[in-house]
Amino acid sequence: MSSQEKLEPFVLDVAGLTVEIAGREGRVVRPARDLTFRVGRGRVVGVIGESGCGKSMTALSVMRLLPASAKVTGGTVLFNGEDLLTKSPRAMRAIRGKSIGMVLQDPSVSLDPLFTIGDQIDEALCMHGRMPAARRRARAIELLEAVGIPAPQDRLTQYPHELSGGMLQRVVAAIAIAWNPALLIADEPTTALDPTIQVQVLDLLGHLRDTLGVSIMIITHDFGVAAHICDDIMVMYAGEVVETGPVRQIFDNPGHPYTRALMESSTVPKGKGRLPTIEGQPPDLGDLPPGCAFAPRCPLANEQCHHAAPPRIQLSDIHQATCWYAGEGMT
Amino acid sequence: MTNYILKRLGLAVITVLGVLLLIFVATRMSGDVALLMLPQDASDEQIAAYRARHGLDRAIPVQFLNFMRGMLTLDFGESLRYQRPALEVILQRLPATVELALMAFVLALVVGVSLGLVAAYYRGGWADRSIRTSAVLLQSMPNFWIAIMAILLFAVMLRWLPTSGRDGAASYIMPAMTLMLFPLAAIMRMTRSAILETIESEYVKFLRIKGVSEGRILWRHALRNALIPVIALSGLQLGNLMGGTVITETIFNWPGLGSLMIESFISRDYPVIQVGVLLIATFLILLNLAVDLLFCVVDPRIRYA
């Protein structure tokens with residue numbers, strides 16, 4: 001990072017982000033609606049919600065890698081103070097892989113099966129500057145060491161199919177941090193891994209934050225993951241942010257009934273009781289209810305919730321929830 | 001690796017012998033060559049003498065053993081029709097077929113892969129739509145019909161090209177085109193779908209995340225991954241093409257192996273049929289082996305399996 005670059009307190013500052021997908025017969029689906037959130041420098045932010053609530057779409061809009069059918073129709077995505085949405089494709093490519101790294105869900109399909117691990121790290125090192133081959137090789141070994149891969153020089157000539165899922169996710173992380181990015185986005189980075197490996201990968205992400213100072217935005221559906229490494233949490237439901245705040249405050253005092261339901265369904269109950277679930281399904285993003293989107297599944301919902309959009313309530317100066325009942329003690 | 005190749009070659013020898021045995025017995029059961037070769041009024045003695053001269057009076061297993069013994073010294077017997085060594089007859093006709101098949105195959109491969117790439121790149125556009133439509137058309141028209149229509153149009157009506165024979169560059173155009181159209185369409189469609197499949201894969205998404213340019217993704221990653229199914233298909237198509245030469249060469253009166261085989265089957269020229277089948281079977285088996293080895297070169301997952 002150059003010294004001239006002014007250090008904003010927030011690496012990522014998203015305001016009013018709206019994404020639209022044009023469906024059949026003029027139907028418009030909005031997987032992200034008026035999203036506002038920030039990622040503090042050096043912090044780990046968890047984006048939590050069920051499948052299909054717009055988490056991945058949000059991450060892809062930041063990367064400007066939305067599928068062709070989807071497009072951003074409003075808002076700003078400030079990265080280090082500059083709006084990524086107005087960047088040219090070429091400028092955006094210079095940012096991807098250099099200033100913003102990303103780790104995907106399934107490491108077994110994240111790498112090209114026909115190239116060696118060494119080739120794929122080397123490719124990342126060739127993309128954003130010139131380095132002699134010997135230095136690139138040394139850097140590749142250094143990166144593999146940084147993500148905790150044993151015998152790194154032996155890995156360079158191996159192919160992806162020769163490594164386990166956990167090792168591959170480390171390789172993917174090594175590529176993502178190749179240029180010391182300011183932001184690392186991890187989209188369900190542990191979902192495809194064995195439970196014992198999941199914790200290791202999470203610890204690795206925490207370690208990278210501590211050693212490189214990289215800010216991390218981690219997408220997950222699992223409150224356990226968030227509790228393990230996140231500093232801040234943002235809960236998404238039906239394309240909207242319903243609650244944001246520091247992880248401790250949210251755990252102690254969840255402001256939104258959806259947050260509470262998610263927390264209850266991720267912890268294993270003591271004894272023989274059934275794992276609590278949230279009744280019903282997330283709404284059709286192309287046909288949302290007029291009031292609060294969660295109202296049809298909410299145990300607290302009344303007439304008002306079904307008809308009027310809920311207000312954003314400040315629960316503390318850095319903790320807010322979008323609910324008619326936020327702040328009133330819930331039972 | 002060497003072990004694998006040796007094992008495959010060993011299997012190949014057994015397969016070729018099996019094919020030979022089958023064709024050996026089948027031709028001899030299909031009719032009596034003596035009655036076909038000798039004049040209508042030939043006496044029983046003349047017929048018996050003809051059979052004795054060519055060893056056809058022996059039991060079939062004995063004939064097969066004799067044939068095998070000759071094979072060891074590259075003596076495949078004498079053509080019953082040409083009264084020359086069968087191998088010589090075959091080798092004389094072989095170059096014309098190799099030229100034609102190779103020309104058709106290389107064209108089908110180069111044009112097929114290129115058009116497949118174009119179709120995938122401009123997916124949904126007019127180029128993609130016209131390429132896909134013509135591929136379906138080409139694959140649904142039998143090549144003998146295309147050949148006849150082409151003769152009618154280019155040779156009879158427009159008089160641009162010779163109707164048949166192998167004389168000068170112009171005479172290659174119609175037979176090669178007829179032969180290449182089906183494999184061209186097949187390779188084109190396979191390339192298109194394979195490219196589209198790789199372009200939508202997670203590792204291409206991750207390449208974009210790395211900041212790799214679209215051009216590099218297409219040429220270095222997508223094309224190489226897409227080539228795996230294309231190689232498999234091309235091997236099959238080259239094999240089919242050998243079968244296609246039989247029909248195409250007959251229609252265009254092309255002096256190659258395909259038309260020779262048809263003539264030899266009709267006149268029951270056993271020795272020529274045997275050498276021809278030996279050659280074609282060996283070629284197909286080696287082709288399959290070559291395709292499998294090529295897989296190993298392209299795909300590391302197969303190399304170590």
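Residue numbering restarts at 1 for every chain, and letters A, B, ... go by the order of the sequence lines. On a predicted model such as this, the values are computed, not experimentally measured, just so you know.
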Exercise. Where on B:Thr198 is there a heavy atom nearer than 4.5 Å to chain A: the side chain, the backbone, both, or neither?
Worked result: neither
Seminar exercise, completed: Whatever's closer than 4.5 Å to a heavy atom in chain B on A:Ile185 counts as neither
Seminar exercise, completed: The reported gap from CG in A:Leu111 to NE2 in B:His221 (rounded to nearest 0.5 angstrom) is 10.5 Å
Exercise. Is the number of heavy atoms from other residues, nucleotides or ligands within 6.0 Å of CZ (B:Arg123) greater than 12?
Worked result: no
Problem set entry | A:Met102 versus chain B, the contacting section by heavy-atom distance below 4.5 Å | both
Problem set entry | Contact check, side chains of B:Phe206 and A:Gln120, non-hydrogen atoms, under 4.5 Å | no
For this session: For residues A:Pro113 and B:Asn225, determine if any side-chain heavy atom of one lies less than 4.5 Å from a side-chain heavy atom of the other.
Result: yes
For this session: Check each atom of A:Leu65 against the heavy atoms of chain B and say whether the ones under 4.5 Å are side chain, backbone, both or neither.
Result: side chain
Problem set entry | Steps toward side chain to side chain contact (heavy atoms under 4.5 Å, CB included) verdict (A:Asp112, B:Arg220) | CA-CA 10 Å; A:Asp112 187 332; B:Arg220 190 176 153 89; over 6 Å; no
Exercise. CD of B:Glu197: more than 12 outside heavy atoms within 6.0 angstrom?
Worked result: no
Exercise. Nearest 0.5 Å, what's the OG-CE distance between B:Ser213 and A:Met127?
Worked result: 6.0 Å
Exercise. Would one find more than 12 heavy atoms of other residues, nucleotides or ligands at under 6.0 Å from atom OH of B:Tyr122?
Worked result: no
For this session: Please check if atom OH in B:Tyr121 has more than 12 non-hydrogen atoms from other residues, nucleotides or ligands closer than 6.0 Å.
Result: no
Seminar exercise, completed: Interface check, chain B: of A:Thr116, A:Leu114, A:Val109, most non-hydrogen pairs under 4.5 Å belong to A:Leu114
Exercise. How long is the gap from NZ on B:Lys210 to CZ on A:Arg93, to the nearest 0.5 Å?
Worked result: 13.5 Å
Exercise. Given side chains that start at C-beta, do those of A:Ile175 and B:Ile209 come closer than 4.5 Å, heavy atoms only?
Worked result: no
Exercise. Does some side-chain heavy atom of A:Arg96 sit less than 4.5 Å from a side-chain heavy atom of B:Val212?
Worked result: no
Problem set entry | Portion of B:Arg216 that has a non-hydrogen atom of chain A nearer than 4.5 angstrom | side chain
Exercise. Is the shortest heavy-atom distance from the side chain of A:Glu123 to the side chain of B:Leu207 under 4.5 Å?
Worked result: yes
